Amino acid sequence: MDTEAKADALEDFMMERLNETGSGKGDSGKYPTMAEVEAQIETRRHRRGVGNLFLSHTGNVKKLPAMPAKPTLADFFKLRFNVTSNHVLQSANLAMKNGMSEEVILACLLHDTAQELIKVDHGWWSAQLYEPYVSEKVAFAIRYHQALRFYADPSVGYEYPDLYRVLFGEDYKPEPYVEAAYQMVRNHKWYMEPRMVTVNDLYSFEPGVNPEIEQFTDIIGRHFKQPKEGLGFDNSSVAHIWRSIARPDSPL
Ligand SMILES: [Fe+2]
Ligand SMILES: [Fe+2]
């Protein structure tokens, strides 16, 4: 993707969320309430948790380019992670600039990519997708960034995101399973792994900064066990998930 296309993709990523609840704060200049967010469900033809690959908010979906016979992670970034790639590349780039460990940088690079398939519980879905290929610590960071996003940690400068007031409603309280996950992670020795994903999980688009997947080739090489048969064809427990991302136009 060229620079402009990337900026567009990031904007899509943000706008898709804002569009879901109208103009963000709304005419009154206030964030919506949970009741207002819920009232919008029956105004749509789709459910909000649908993955980016399966829906276009701007006209018909486009034909996707063919995947190589033995697809790598980089192939998925270039050919399928169309809406999420710029956001996660920006996050990983920021984590690199902030001197994070290679495992945190990798977790940032992967953290939201399962949103191409499904947005609901995307931390858990993303972690499952990558679990056979990354360390336990990286999978932990990916899985729990989702829960930690709802909880501020002033000691590392992480605040509750305004975007979530728009998406969930200003009076939203996280589901009990999210609260329980947070409490568990808060006391876990690896707490800072997912926390650092949230710290570097920014939606801001830095002008002139357009990280490419190649910037992370070495980190991927050291920390991602690319299957020789290609992602989707290694008979792993998640191969079908990779195939579903590769072939979203398949009717069955
Ligand atoms: Fe996320
Ligand atoms: Fe993110």
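Counting convention: from 1, in listed order, for ligands and their atoms alike. This one's a predicted model, so the numbers in the text were calculated from it and none came from an experiment.
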Go through the steps for Leu89 and Ile213 under the test side-chain contact (heavy atoms from CB on, under 4.5 Å), then give the verdict. CA-CA 7 Å; Leu89 284 162; Ile213 189 65; 4.3 Å; yes

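When rounded to 10 degrees, the angle formed at the Fe ion (ligand 2) by OD1 (Asp201) and NE2 (His111) equals 90°. The angle His122:NE2 - the Fe ion (ligand 1) - Asp112:OD1 amounts to 90°, with values rounded to 10 degrees.
For the pair Ile219 and Glu103, the minimum side-chain heavy-atom distance is 4.5 Å or more.
Residue pairs satisfying the salt bridge (Lys or Arg N to Asp or Glu O under 4.0 Å) criterion with at least one member in residues 152-163, sequence neighbours excluded, are listed as follows: Asp153-Arg195, Asp162-Arg165.
Salt bridge status for Glu229 with Lys70: absent, with no side-chain N to carboxylate O gap under 4.0 Å.
None of the N, O or S atoms belonging to His145 lies under 2.8 Å away from the Fe ion (ligand 2).
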